[in-house]
Structures are given as structure tokens and as C-alpha cells.
Amino acid sequence: MFAQAMPTPIVIADNDSLRECVQQWAAAPAVALDTEFMRTDTFYPKFALLQLCDGENVWLIDPLGVDDVEPIKALLLNPDVVKVLHSCSEDLEVLQLAFGCLPVALYDTQIAAAMTGHGFSLGYSKLVKSLLDVELDKHETRSDWLQRPLSASQHQYAAEDVHYLLPVYQRLVADAETLGRSHWLAEEMQNLLSAATQRTPDEQQYRRIKGAGRLDPRSLAILQVLASWRETEARACNKPRGHIVADKEFLEIAQQQPDDISALKQLEDVRHRVVRQYGDKLLALSASVSDNSEAYPEAFPQPPSKEVRQLIKDCREWLNNAAEARQMAPEILAKRVALESLARSKEAGTVELPTALAQGWRREAVGSDLLSFVEQAV
């Protein structure tokens, strides 16, 4: 069991206190980071707390009291200090918005755990229990992190989220070295940072709406226009997408294609508030879609054939065996969408690895062998 007692967290709530800590952080080989934020009624997360641990001390940095971002930015961009986070995709968004940059020398312990045989998508508490035999009480998961002052219980919870992260990181680094996967991990962390800089274009937001694949071409074109408008509107007024217009409302409008306010009001899934606030705009957007089918968006692929479904199943079985032999989670090796793409290419007559499996460590780990397996499949 990890026996090091957690130090009393140091609360930083002003710029002078923050500047005093910078040199200490910069001298550490690695620091553990976590963020607390709220996102119940906004498009963008409301940054509420930054936790940091250098292995000796834990700091709780209050962004509501600290407005000098440069010391934290300098730390995030320091390539000599590894920034250790767990399941960091949302944290990266918060850091980017708060400090205008992403951390250099990133290490995500959730991904590292999946690549070193400890399970896929493990939560922080389960990983700490598995590697350090420490039981954490996640009692403040739904806490109000924007309240001030924060309670002693919130301080404890926030501090625990980084206190155990560095020993977990050290164990995972050692495991990766033993397995010869350190370079795989380094590459995956760069992939993670690259993904964090990419934003789905507004005109592609319709593809994220469940049920869009069932629409006819014109309805899909209407949905594309509506979803693109909503994305712009949500960002402009900082409201969640569903608080503006819900997905199911868009789907009904795209399918029924009402041509006036009266018809729009008759739609069962469309709220009165939406009609009152956005009705004219939604009708105008729908009417703006031309009858020129050549301008319609790319259709969703048809459901896979029986033969493709069987090949996907065979690929999944092959992948599970390969993952077991490599002591890795199969989900980190390949997603279903990659296996489906590979199986469809077989049906089309030219077997081709999807990009995710055709380059980097995944090609080395399974891509080339999986390609041969599919090529030889009957």
C-alpha cells in the first residue's frame, strides 16, 4: 500500500502567492495536475480550481482569485516538466480556455493504464486502488466548485485527485519500460494533444446527432444547416446546444419540413419556447436548402452487409486474442469504426487499413498482422 500521508493542501488565491511557487514547480521532473469546473448551463466550462502536486506538496489554485495566467502558462509549456493528468480530454479544454495553451510533455495515466495491461478507461479511484491499494471516497463528485469558500471536504477531495497521481505515473512508466512500450506511449500522448487542437467544423456537427443516418438526402441537408447554425449560436451565447434547440427537435423539423409558424407549432417534439424564440430563424434556415441534390451533404454509409458484419466479428475476435497476448486492452488497439472500415474495404475489393491502423505504433502492434488476416479471410 502507498503509505505517504497526504500533506495539508496549500491554497493559492492571489497572484503574489502564485509567483512564489513557480520556481519550485519548474524544478520538479513531473507534476500532477487536475481541474475542477462546472458545465451545467454553459457551452464553455467554468474553470473553478486547479490542483497541482510535485510529490511533496499539494496546491489548490483558485482561478477566481488569481488572474495572472503567465506562471501557469510557463509551467504548461515547460518541456522539462512532465504534466501528469488522468483522463485529461476535458481538462485539456479547460486549460486551453484558461491559459491559451495545452501542456507540453503530457502524460495521461488512463491511457497509459490501458497500454500496460491495467484495463481500459479505468477511473482514477479504481486505478489508485489497483496500483496503490488505496481506497478513495469520491464524495464530492457532484460538488459546487464555484462556491466560495470551498469546504474542507472539497479541499480533501481535490487534493486526493493529484496526491496519488505521481506514484501511479511512476508505476506506469516502469511498466511501459518493462514491456518496451515507452515510445508507443509517447506517440499516443502526441496524438492526444493533436486531437485536442482539432474542432469538428460547424458544417459537420449534424453527423453527431443520433438518428441523422435515417434521414433522406434533403432532410439531411436541412439538418446540416440547422446544426451548423446552432453551433454558432451556442458559442455566441455560451449555452449548451440542447438549451437552444434539442437534437430531437431538429430531427423532427428536418423530417417534417414545416413551411410556416403554424405548422412548426404542430410538431410534437418542438417546444413552445423554441418556436417563440427561434421559430422564424429555423423556418428560414430550412427554406434556404435548395432542391439541388448535388449540394446535399455526404450520406451516411448504409448498414454493413451480413458478410461485413461477420468479418467485423472475426476481426474483433482476432483483436481480442492479440490484445491478450500483448497484455493490452483491445479498445486501445482499434475502435469498431476502424474494424468496420477495414471489413468494408475487403467487400469493396481492395483491402486497406484505415488511417488509425496504418501508421505509428498501432501499425507496429497490430495493423500489419490484421491486414494480412483480413486479406486471407474467406
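Computed from a prediction, not measured in an experiment: that's the story for all the values here.
- Note that CG of D216 is 12.0 Å distant from OG of S293, once rounded to the nearest 0.5 Å.
- Within 6.0 Å of CD in Q302 there are 12 or fewer heavy atoms belonging to other residues, nucleotides or ligands.
- Qualifying side chain to side chain donor-acceptor pair (under 3.5 Å) partners for D269, counting only residues two or more places apart in sequence or in other chains: none.
- Within the 4.5 Å cutoff, the side chain of N320 has heavy atoms near those of the R316 side chain.
- Rounding to the nearest 0.5 angstrom, the gap separating the CG atom in D91 from the CG atom in L33 is 8.5 Å.
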Derivation and outcome, side chain to side chain contact (heavy atoms under 4.5 Å, CB included), residues W318 and V366
CA-CA 10 Å; W318 183 96; V366 293; 4.0 Å; yes
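- Contact record, L166 with A30: CD1-O, 4.0 Å, taken as the closest heavy-atom pair.
- Atom CD of Q147 is surrounded by more than 12 heavy atoms from other residues, nucleotides or ligands within 6.0 Å.
- The side-chain heavy atoms of R218 and D291, taken from C-beta on, include a pair separated by under 4.5 Å.
- Residues L75 and V104 fall into different hydrophobic clusters, defined by Ile, Leu, Val, Met, Phe, Trp and Tyr side chains chained together at heavy-atom separations under 4.5 Å.
- Remark: K46 NZ is loosely packed, at most 12 non-hydrogen atoms of other residues, nucleotides or ligands lying under 6.0 Å away.
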Show the numbers, then the answer: is there a side chain to side chain contact (heavy atoms under 4.5 Å, CB included) between K346 and E307?
CA-CA 10 Å; K346 169 83 171 183; E307 291 75 18; over 6 Å; no
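- Proximity of W361 to L185: side-chain heavy atoms (C-beta onward) are nowhere separated by under 4.5 Å.
- Both F47 and V69 are part of a single hydrophobic cluster, where members link through side-chain heavy atoms under 4.5 Å apart.
- Between T232 atom OG1 and Q205 atom CD the span is 9.0 Å, to the nearest 0.5 Å.
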Using side chain to side chain contact (heavy atoms under 4.5 Å, CB included), reason through Y169 and V173 one step at a time and then give a plain yes or no.
CA-CA 6 Å; Y169 157 72; V173 166; 3.4 Å; yes
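- For the pair L357/L370, a side-chain contact is recorded, criterion being any heavy-atom separation below 4.5 Å from C-beta on.
- Side-chain contact between F300 and L220 is present, with heavy atoms from C-beta onward closer than 4.5 Å.
- The side-chain heavy atoms of L342 and P354, taken from C-beta on, include a pair separated by under 4.5 Å.
- Between L179 and the options R326, Q327, M328, a side-chain contact (heavy atoms from CB on, under 4.5 Å) holds for only Q327.
- Counting non-hydrogen atoms of other residues, nucleotides and ligands closer than 6.0 Å to CD of E203 gives a total above 12.
- Note that the CG atom of L122 and the OG1 atom of T109 stand 9.5 Å from one another [nearest 0.5 Å].
- Taking CG of L92 as the start and CD of Q96 as the end, the distance is 9.0 Å to the nearest 0.5 Å.
- Proximity of F37 to E93: side-chain heavy atoms (C-beta onward) are nowhere separated by under 4.5 Å.
- Residues E340 and P304 are in side-chain contact: their nearest non-hydrogen atoms beyond the backbone lie under 4.5 Å apart.
- Clustering ILVMFWY residues whenever any of their side-chain heavy atoms sit less than 4.5 angstrom apart, transitively, puts L192 in the very cluster that holds M115.
- Not counting sequence neighbours, R276 has no partner by the salt bridge (charged side-chain N to carboxylate O under 4.0 Å, His left out) test.
- M6 and I10 end up in different hydrophobic clusters when Ile, Leu, Val, Met, Phe, Trp and Tyr side chains are linked at under 4.5 Å.
- Of the residues listed (K210, R207, R230, R208), the one engaging D247 in a salt bridge (charged side-chain N to carboxylate O under 4.0 Å, His left out) is R230, and it is the only one.
- If you chain together hydrophobic residues whose side chains sit under 4.5 Å apart, L193 and L77 never meet in one group.
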Going through the checks in order, is the salt bridge (charged side-chain N to carboxylate O under 4.0 Å, His left out) test met by R362 and E188?
CA-CA 10 Å; R362 286 185 174 84; E188 193 65 7; 2.9 Å; yes
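- Between E231 and R235 there is a salt bridge, with a side-chain nitrogen of the basic residue lying less than 4.0 Å from a carboxylate oxygen of the acidic one.
- Heavy-atom neighbours of R19 CZ from other residues, nucleotides or ligands within 6.0 Å: above the threshold of 12.
- From S219, atom OG reaches atom OH of Y296 across 9.0 Å, with rounding to the nearest 0.5 Å.
- The number of heavy-atom neighbours closer than 6.0 Å to CD of E347, taken from other residues, nucleotides and ligands shown, is above 12.
- By the neighbour-count criterion of 12 heavy atoms within 6.0 Å, atom CD of Q24 is densely surrounded, having more than that number from other residues, nucleotides or ligands.
- Listed by chain and number, the residues in a ring pair (Phe, Tyr, Trp, His ring centres under 6.0 Å) with F43 amount to none (sequence neighbours excluded).
- With hydrogens and angles left out, the side-chain atoms of D314 and Q310 include a donor and acceptor closer than 3.5 Å.
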